[in-house]
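Input: a single structure, listed below in structure tokens.
Index from 1, following the sequence. Computation of the quantities below employed the complete heavy-atom set of this structure, encompassing side-chain atoms and omitting hydrogens, waters and symmetry-equivalent molecules.
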Amino acid sequence: MAVLTYKGSHFMYDGEPIRILSGAIHYFRVVPDYWEDRLLKLKACGFNTVEAYVPWNVHEPQPGQYWFEGMADLERFIRIAGDVGLHVIVRPSPYICAEWEFGGLPAWLLADDEIRLRCSDAKFLENVDRYYDVLLPKLKPLLSTHGGPIIAMQIENEYGSFGNDASYLHYLRDGMVERGMDVLLFTSDGPTDHMLQAGSVPGHLATVNFGSGTEGAFAKLREYQADEPLMCMEYWNGWFDHWGESHHTREATDVAGVFEEMLRAGASVNFYMFHGGTNFGFYNGANCQQKDQYEPTITSYDYDSLLSESGEPTAKFHAVRDLIAQYSGEDLGELVLPESKGTIAYGRVELTQQASLLAQMDRISVPVQRTNPEPMEKLGQDYGFICYQTRISGPRERQELVVQEVRDRALVFVDGQFQGVLERGNTALSVSFAVPPEGADLLILVENMGRINYGPYLRDPKGITEGVRHGFQFLYDWTIHCLPLTDLSGLQFSDVISETINEVQGPAFYRGEFNITDVRDTFLRLDSWTKGVVFVNGFNLGRYWNKGPQKTLYVPAPLLREGENEIIVFELHQTDDLAVTFVDTPDLG
């Protein structure tokens, strides 16, 4: 069957020269109902290939338990791509980065302190092998060598920016070959000496990732790979946002200009991203290049790319399409896109019921007793929140509460009264309190705001990772509630009495219903809310935070239904208006 190879500096497919024009779409960031729509738009823009990462943490949520259904139906996504006439590049390495939680690594790896990540550690490789034994046989029938659309696969992802274990890369390569992955295998790294030296695998194509500086990037690649095809495996045509930053944008003319430089060089290109999508649930990643500078990524992964978060073509789409038509020599014809239903503003929805988290923890979590405040992973928890409670004898003078160390943000309560917030890397925040003669109950609610997805601090356990001190004294004997918020059915809601809105102590769930007849995409504004998570019809839309830049959450139409719909807002602090508003326009800052 057809195979992608190269002859000199040209890719060849089925014996004919081909320039790969690819765009990245992450199936796990897009509701399945929209996969075909996004892929058809990629094709309509003039691209011939789609590229997709494969996140290990989605597909093996617990050791030996696998999920390939719904948003995780990788095979269906690849088949749809083939059906619309696209080639597929798959990047299934254990680590993907992608601003995705833990770079796609499963959190349960952190339960074993002895596992060393992304190297020839026997325990790590044992887990990779078990995963590949399930994943790769699913991909084999979809390879171009078996009549499918997959033309190339990545060995590891930007490994040169992390380590230099050549035997690890060879092990992954051998594991793919032994499991029948007989398409073109490649690596991708930044265009620097140390990255290309440590990230490449001899005998396999090396590609580079960059957003500008085309001439220099390809010149550096040529130093290590003199004759093979030039390819930018990640052309960063936009960028992602962290909470508290400004929203990143890039002019379409600038994006088109750099793209044209690559086309003039005769290179192949993969746009990262063509369509970004959304970090639904708790799957956003975080950055931490300096040890105390933790930066969690927002819920939207719009990425200022060629399609917006809700799948609408942007100015970049049209600028890039024009260039592809110019350089391909093909008449792309009139632009024909799948019919769009557009967006809708459902307006204001009152949240008329509430349920206090602190009063109802036992309804959604089974408490466990531990001497130390163990991190999430030691208790089998991956995402969400975790609550630690202990009792301190008294009297005691006012002392600072020290958490060693908080991962990532903690609300502190003493005898049910809110004391303040502790935040990873934020030394400006502190909590101190005295203890009365009769003693006091201490409660610490910790939010996992996303594991680090890139860089030297990849190992990122969540919750409280070492211990808690009042002053210099460590506190022991803890009751712990794991709160992944995957099942809220145990909550008992009561009607809100407007006069008591501000009397709810601590985090609470607020519930409302709205009735619709016209089901379309919409966007949720939470202007009077502080920080938390939103569920629509049981689906976790992701986090909101009033520090921005993101002001709206994307609500795809397939999550809604005609008639009654339910919304639950889990607010960590307080609001002065128990209502949300559905609008027809996104606001990413």
Side-chain angles (χ1 to χ4, degrees), residues 19-27 29-31 33-52 77 80-81 84-89 210-212 214 232-241 247-264 267-278 300-343 520-521 523 554 556-557 584-588:
R19 187 206 296 262
I20 298 171
L21 296 174
S22 175
I25 300 176
H26 296 159
Y27 58 97
R29 282 182 159 126
V30 182
V31 293
D33 307 65
Y34 286 166
W35 288 348
E36 184 177 34
D37 174 89
R38 305 318 192 238
L39 290 165
L40 284 169
K41 288 170 179 172
L42 180 71
K43 178 82 171 173
C45 195
F47 290 88
N48 56 27
T49 305
V50 63
E51 175 269 313
F77 177 80
I80 294 173
V84 304
L86 293 167
H87 303 302
V88 179
I89 295 172
F210 58 89
S212 59
T214 304
C232 177
M233 187 54 68
E234 292 187 16
Y235 171 33
W236 304 320
N237 63 94
W239 206 244
F240 56 93
D241 297 332
H247 175 50
H248 289 86
T249 58
R250 183 176 178 183
E251 290 295 326
T253 52
D254 182 34
V255 169
V258 175
F259 179 41
E260 187 168 17
E261 292 171 2
M262 295 187 224
L263 294 175
R264 284 177 178 167
S268 290
V269 186
N270 176 52
F271 276 69
Y272 189 97
M273 300 290 296
F274 173 77
H275 172 52
T278 309
S300 171
Y301 201 64
D302 175 88
Y303 210 86
D304 191 38
S305 52
L306 279 67
L307 293 186
S308 70
E309 184 176 12
S310 57
E312 296 302 315
T314 66
K316 290 179 183 178
F317 178 100
H318 298 286
V320 167
R321 187 176 191 270
D322 290 345
L323 272 176
I324 291 176
Q326 177 183 336
Y327 277 83
S328 68
E330 297 180 20
D331 181 8
L332 297 182
E334 183 183 353
L335 177 61
V336 179
L337 297 173
E339 183 181 357
S340 172
K341 290 185 177 180
T343 60
R520 285 190 265 165
D521 284 2
F523 302 89
Y554 173 48
D584 57 9
T585 307
D587 183 353
L588 299 178

Nearest 0.5 Å please: distance from the [atom1] atom of [X] over to the [atom2] atom of [Y].
| X | Y | atom1 | atom2 | result |
| --- | --- | --- | --- | --- |
| L42 | H275 | CG | NE2 | 11.0 Å |
| D587 | S300 | CG | OG | 11.0 Å |
| S268 | L263 | OG | CG | 9.5 Å |
| W236 | M273 | CH2 | CE | 14.0 Å |
| I25 | L86 | CD1 | CG | 8.0 Å |
| I324 | C45 | CD1 | SG | 5.0 Å |

Minimum heavy-atom distance [X]-[Y], with the two atoms named:
| X | Y | result |
| --- | --- | --- |
| A256 | A319 | CB-CB, 4.1 Å |
| V320 | F259 | CG1-CE2, 3.8 Å |
| Y554 | T278 | CD2-OG1, 3.6 Å |
| V258 | G211 | CG1-O, 3.8 Å |
| A81 | V88 | CB-CG2, 3.7 Å |
| G277 | E309 | O-CG, 3.5 Å |

Between [X] and [Y], is there a donor-acceptor pair closer than 3.5 Å when you use the side chain of the first and the backbone of the second?
| X | Y | answer |
| --- | --- | --- |
| K41 | G311 | yes |
| H248 | F240 | yes |
| D521 | P556 | no |

**Prompt:** Which pairs pass salt bridge (charged side-chain N to carboxylate O under 4.0 Å, His left out) with one or both residues in residues 42-52, sequence neighbours excluded?
**Reply:**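 Qualifying pairs: E51-R91.
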Check side chain to side chain donor-acceptor pair (under 3.5 Å) between [X] and all other residues, then give those that pass, not counting sequence neighbours.
| X | answer |
| --- | --- |
| S310 | S308 |
| H26 | R29 |
| T214 | E261 |
| R19 | none |

**Message:** List the residues meeting salt bridge (Lys or Arg N to Asp or Glu O under 4.0 Å) with D304, not counting sequence neighbours, and say none if there are none.
**Reply:**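 Result, salt bridge (Lys or Arg N to Asp or Glu O under 4.0 Å) vs D304: K316.
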Let me have the donor-acceptor pairs involving side chains of residues 335-343, under 3.5 Å, with sequence neighbours excluded, atom names and distances please.
from : atom 1 : to   : atom 2 : distance (Å)
S340 : OG     : E312 : OE2    : 3.3
S340 : OG     : G342 : N      : 3.1
T343 : OG1    : D584 : O      : 2.7

**Asked** Among pairs that include at least one residue of residues 319-329, which meet side-chain hydrogen bond (donor to acceptor under 3.5 Å, both in side chains), considering only residues two or more places apart or in two chains?
**Response**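 Sorted result for residues 319-329: E260-Y327, R264-Y327.
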**Audit row: R38, V30, side chain to side chain contact (heavy atoms under 4.5 Å, CB included) steps and yes/no** = CA-CA 9 Å; R38 305 318 192 238; V30 182; 4.2 Å; yes
Not counting sequence neighbours, which residues clear ring-ring contact (aromatic ring centres under 6.0 Å, His included) with [X]? List them please.
| X | value |
| --- | --- |
| F77 | Y27, W35 |
| Y235 | F271 |
| Y34 | none |

**Prompt:** Among side-chain atoms of H247 and D241, is any donor-acceptor pair under 3.5 angstrom?
**Reply:**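 Distance-only check passes for H247 and D241.
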Compare all side-chain heavy atoms of [X] with those of [Y] and state whether any distance is below 4.5 angstrom.
| X | Y | value |
| --- | --- | --- |
| L307 | T314 | no |
| E251 | V255 | no |
| F47 | L306 | yes |
| S305 | N237 | yes |

**Request:** Hey, could you give me each pair passing ring pair (Phe, Tyr, Trp, His ring centres under 6.0 Å) that has a residue in residues 302-321? Not counting sequence neighbours.
**Result:**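 For residues 302-321: Y272-Y303, Y301-Y303.
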**Asked** Should N270 and L21 be marked as a side chain to side chain contact (heavy atoms under 4.5 Å, CB included) after you check the CA-CA gap, both sets of side-chain angles, and the distance that decides it?
**Response** CA-CA 6 Å; N270 176 52; L21 296 174; over 6 Å; no
